[in-house]
Amino acid sequence: MMRKFDRFDLECLISRYLEYGELGYASAIFFMGFPRNQVSWMGFLREVESFGLEKQMVLEGFVQLQSKGVNFDEVVLVMVLRICTVLMNERLGFIVHGGLIKRGVVDSSEDTRVVSALMSFYGRCVSPDVAHKLFDEMSERDDLSWNEIVMVNLRSGKWEKAVKLFREMQFSSAKVYDRTMVKLLQVCSNKGGLEEGRQIHGYVLRLGFEANVSVCNSLIVMYSRSGEVETSRKVFDSVKDRNLSSWNSIISSYTAFGYVDDAMALLEEMERCDFEPDIVTWNSLLSGHAFKGLYKGAIAILKRMQVSSLKPNTSSITSLLQAVAEPGVLKIGKEIHGYVIRNQLWYDVYVETTLIDMYVKTGCLPYAKKVFDTMDEKKNIVAWNSLISGLSYAGLVQDAEGLMSKMEKEGGIKPDAVTWNNLVYGYAACGETEKALDVIEKMKKNRMEPNVVSWTAILSGCSKNGDFKNALKVFFKMQEEGVSPNSATISTLLRILGCLSLLHSGKEVHCFCLKNNLIRDAYVATALVDMYTRSGDLRSASEVFWSIENKPLASWNCMIMGHAMFGKGEEGIAVFNKMLEAGMEPDAITFTSVLSVCKNSGLVREGWRYFDLMRSRYGINPSIEHCSCMVDMLGRSGYLDEAWDFIQTMPLKPDATILGAFLSSCKIHRDLELGEVAWKRLHVLEPHNSANYMMMINLYSSMNRWEAVEHIRDLMRHHRVRVQDLWSWIQIDQTVHIFYAEGKAHPDEGEIYFELYRLVSEMKRSGYVPDTSCVHQNVSELEKEKLLMGHTEKLAITYGLIKKKGLDPIRVVKNTSICSDCHTVAKYITVLRNREIVLQEGSRIHHFKDGKCSCNDSW
């Protein structure tokens, strides 16, 4: 008696035939035995592929069996249609469909598996419209057919239609399959369909799918990709039987938005729950640290990953390279490059393009060029654009344009919007705004429509170059072209307005951000903090800063520097301490801000402590900026000998910034001997810098050394050094009023002087004594008093009192340091007129209120 083969026997027999390359016999056994034993057709195809055999030949075996007169039932034909769908074999699918029509199966069969298989075949291989026609012609629709038609629309990208059918499906009482629900949520994630996703979540709860881990994992991802991280966490917390995918989904949700501390806490919890992190977990954490620019944290993650016996893959390496792509971390970037070479990861084009980007951002163009040259035929447009970007940002725009031509001629790759935008930025950053606009016109001629990135590139370039006036013109032109600004445009615009101290315009942009929900962008919020501090509104800056949920390091740095500008030492240090409590690691810019706080507030002991802490705990080597802060702090506080010793022993060669800060301190404390030593060095380094000459004139005149003053003036004439124009300005309504020390007078000059003389008379009755030492001319005391009256900041403040009614602060911007007499006058005015005054001079801001200044008379 012949033994009946079970499923295990058939699978073993199939495997043995495949092992010997006999695909025909294996296929025959598979098709003939399928109706009884239900051998997995997907498993069979995978096994065929694993033996290096051609999967299409499986269907040829089916055709041969049919030609020999073997008749298959609907079960086998449905399975063959599924294989045709996976292998995209239209011809055989049509033949099978034709055979089914001849048998009358499609019209009469109550088994909807046949029609569902046909819908799947036509939806993938021909057209979703044919699948819809088959669905519409069905007399009875069951769970399978409903789920299939929804999946057909999802696979073809018609997600709105799929959601609509899903709703209809609920009314028909058909049961939705797990895979359909998961796919629906995945599509909502990718298409930004938060509202649709929420509706599907409602069905999940109503239909009892909340116990399904795959569905819940899809909900976590859907909410996080829509920016609803808190909702993602709620879904995660509600899952009882979590799997590894659940943990990875929530960790990647946090890292995608830079919440690395929360992600690390989840990692610890995950390990306590006996789940071992896999490569996906570690790569999510690496990408989160890269997003935040926390290269030390990224390296620590890599070490933990290696301890767990997991080898970094190409995704791990690209995240690491992105984390170290910043100035000062080139050495670590080179070490990672060495790892790439040793482990033969250079074959991956994404790794190579990220290497180029890393070398570009760390300012090492020769290495970027070397990596680019080794790519040969693998060079894609990303690689070309990375190098073109590096050349443009380095100011080598002609070289960048030459490389773009080479890309098209030799590489056969046409420039895209990124290529053109790199050139736009390069020209704008070099101060050639007209050439940047010419590139915009070239884009149009090449049928490449300039987008918001193109215009933002010009704005960024102008901002970097300090060409703020042209930047505003470009922004107005951008609006004329009908291009709507994005978050990057707004951030750049806010920086420009901050540099110009245009507070009213900055507030209008703030309103725009609130109206368009851009305030949720941490970098837009940081730009607002920067704008408000630069414009002298520390209160508004603080309000915006503390409202930022996930504060990036840049926002902390801005807030600390804001307090430094106002001379608020204790408040600045308090913000720094809160930053450390929040788990943020300070960088070189943070310490520049903290040392500026100490410098501007006379906190010498604290300044030394942070300078030592920067090196000992955080491994940050002092830069010229850090050293300049220390010299300025020591010098202004009267420790001139210590400041000079610091200059003599500092690890870097003192530049004009260092010596200029020291000379300024010598001027304040009238130390002629050390001042002349600094002046001699400065004169060699900067023979045409008028500020240095003026400091020496001030120092000599304060000691009545008028011959020496004339000698300095002779040197200025000899070197043709021109003193910069001295001015102050104030904005009344929408008009900026400028007051010059020399040249064109203000039209309301008479009214201004009349009010100022009246003010001075009142002040004298209150005890004011003019500080004539601020006048550096050899004239009488009476004449000096008259000259003091013409100081531009006094005129601007007085004009503000005349024209600005109400109790709003008088805001004045000055292009040079305020003298001690004007500083005293401003304090008196706040008492006599009960008005606050905010005066900005360079990087310092004085907030006068009730007879006191925020700087505590230390500037």
Side-chain angles (χ1 to χ4, degrees), residues 466 624 628 631-632 634-636 638 640-641 643-644 647-648 653-728 738-745 770-795 814-823 841-844 859:
I624 283 291
S628 177
V631 170
D632 208 6
L634 291 168
R636 285 177 183 275
L640 289 171
D641 290 333
W644 184 247
I647 293 171
Q648 299 290 80
K653 186 179 179 181
D655 68 353
T657 310
I658 301 286
L659 294 167
F662 184 70
L663 179 56
S664 177
S665 297
C666 292
K667 181 197 74 172
I668 292 168
H669 298 287
R670 299 185 182 184
D671 191 316
L672 187 58
E673 183 182 351
L674 287 173
E676 286 181 333
V677 172
W679 158 248
K680 285 174 184 175
R681 292 198 186 185
L682 269 174
H683 190 239
V684 173
L685 292 171
E686 292 183 332
H688 299 287
N689 187 344
S690 63
N692 299 331
Y693 289 91
M694 292 311 298
M695 278 194 285
M696 282 309 293
I697 287 172
N698 294 351
L699 177 56
Y700 282 130
S701 65
S702 68
M703 303 178 75
N704 293 320
R705 296 279 299 273
W706 301 111
E707 288 183 10
V709 169
E710 283 307 311
H711 174 66
I712 297 295
R713 293 192 195 279
D714 288 340
L715 279 175
M716 291 179 74
R717 283 189 284 269
H718 176 72
H719 289 288
R720 295 180 180 178
V721 176
R722 183 177 174 273
V723 179
Q724 66 171 332
D725 293 331
L726 304 179
W727 50 255
S728 297
I738 305 174
F739 298 86
Y740 295 99
E742 294 179 5
K744 187 180 177 183
D771 185 357
T772 54
S773 66
C774 298
V775 177
H776 309 296
Q777 295 179 34
N778 190 12
V779 293
S780 67
E781 288 298 304
L782 185 61
E783 191 63 29
K784 284 182 179 180
E785 283 192 36
K786 289 180 181 178
L787 290 170
L788 284 174
M789 297 285 281
H791 282 199
T792 59
E793 56 266 53
K794 285 192 183 83
L795 299 176
K814 182 176 169 59
N815 71 332
T816 55
S817 298
I818 183 174
C819 73
S820 60
D821 184 71
C822 290
H823 195 269
E841 41 133 356
S843 62
R844 293 298 303 270
W859 84 99

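Values reported hereafter were calculated over all heavy atoms of this structure, with side chains retained and with hydrogens, waters and symmetry mates removed.
Qualifying ring pair (Phe, Tyr, Trp, His ring centres under 6.0 Å) partners for W679, counting only residues two or more places apart in sequence or in other chains: H683, Y693. With sequence neighbours excluded, the residues that form a salt bridge (Lys or Arg N to Asp or Glu O under 4.0 Å) with D725 are R722. Here S665 pairs with nothing under the side chain to side chain donor-acceptor pair (under 3.5 Å) rule; sequence neighbours left out. For D671, there are no salt bridge (Lys or Arg N to Asp or Glu O under 4.0 Å) partners, not counting sequence neighbours. Scored by the salt bridge (Lys or Arg N to Asp or Glu O under 4.0 Å) test, R720 finds no partners at all (sequence neighbours excluded). In this structure P770 satisfies the side-chain contact (heavy atoms from CB on, under 4.5 Å) test together with K764, Y768, E785, L788, D821, sequence neighbours excluded. By the side-chain contact (heavy atoms from CB on, under 4.5 Å) test, V709 is found to be paired with I697, Y700, S701, W706, R713, residues two or more places apart in sequence or in another chain being considered. Not counting sequence neighbours, the partners of Q777 by the side-chain contact (heavy atoms from CB on, under 4.5 Å) test are V775, V779, L787. Not counting sequence neighbours, the partners of E781 by the salt bridge (Lys or Arg N to Asp or Glu O under 4.0 Å) test are K784. S773 meets the side chain to side chain donor-acceptor pair (under 3.5 Å) test with D771; sequence neighbours excluded. Qualifying side chain to side chain donor-acceptor pair (under 3.5 Å) partners for S728, counting only residues two or more places apart in sequence or in other chains: T792.
Annotation: Q648, atom CD; neighbour count of heavy atoms from other residues, nucleotides and ligands within 6.0 Å is above 12. Other residues, nucleotides and ligands contribute over 12 non-hydrogen atoms within 6.0 Å of the CG atom of N815. Counting heavy atoms of neighbouring residues, nucleotides and ligands inside a 6.0 Å radius, atom CD of E783 exceeds 12 of them.
In plain terms, the two heavy atoms of G660 and M695 that are nearest each other are O-CE, 3.8 Å. Contact between L663 and M696 at its shortest, heavy atoms only, is CD1-SD, 3.6 Å. The two residues A643 and G635 make their nearest non-hydrogen contact at CB-N, 4.1 Å.
Evaluation of the salt bridge (charged side-chain N to carboxylate O under 4.0 Å, His left out) test over residues 677-693, restricted to residues two or more places apart or in two chains, returns none.
Relative ring orientation between H688 and H719 is described as perpendicular, the plane-to-plane angle rising above 60° on a 0-90° scale split at 30° and 60°.
K653 has its side chain out of reach of I658: every pair of non-hydrogen atoms, C-beta onward, lies at least 4.5 Å apart.
Taking CG from L634 and CZ from F662, the interatomic distance works out to 10.0 Å, rounded to the nearest 0.5 Å. Note that CG of L659 is 9.0 Å distant from CG of N692, once rounded to the nearest 0.5 Å. Rounding to the nearest 0.5 Å gives a distance of 8.5 Å between CZ of R705 and CD of E707. One finds the NZ atom of K794 at 8.0 Å from the CD1 atom of I818 (value rounded to the nearest 0.5 Å). Here the NZ atom belonging to K667 is positioned 5.0 Å from the OG atom belonging to S664, to the nearest 0.5 angstrom. Interatomic distance, R717 CZ to E710 CD, rounded to the nearest 0.5 Å: 6.5 Å.
Tested against P654, the residues I647, I624, V631, L685 include a single side-chain contact (heavy atoms from CB on, under 4.5 Å) partner, I647.
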Checklist entry - Where do I738 and K744 land on the side chain to side chain contact (heavy atoms under 4.5 Å, CB included) test, with the steps shown first? => result CA-CA 10 Å; I738 305 174; K744 187 180 177 183; over 6 Å; no
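Checking side-chain atoms of H669 against main-chain N and O of R636 turns up a donor-acceptor pair under 3.5 Å.
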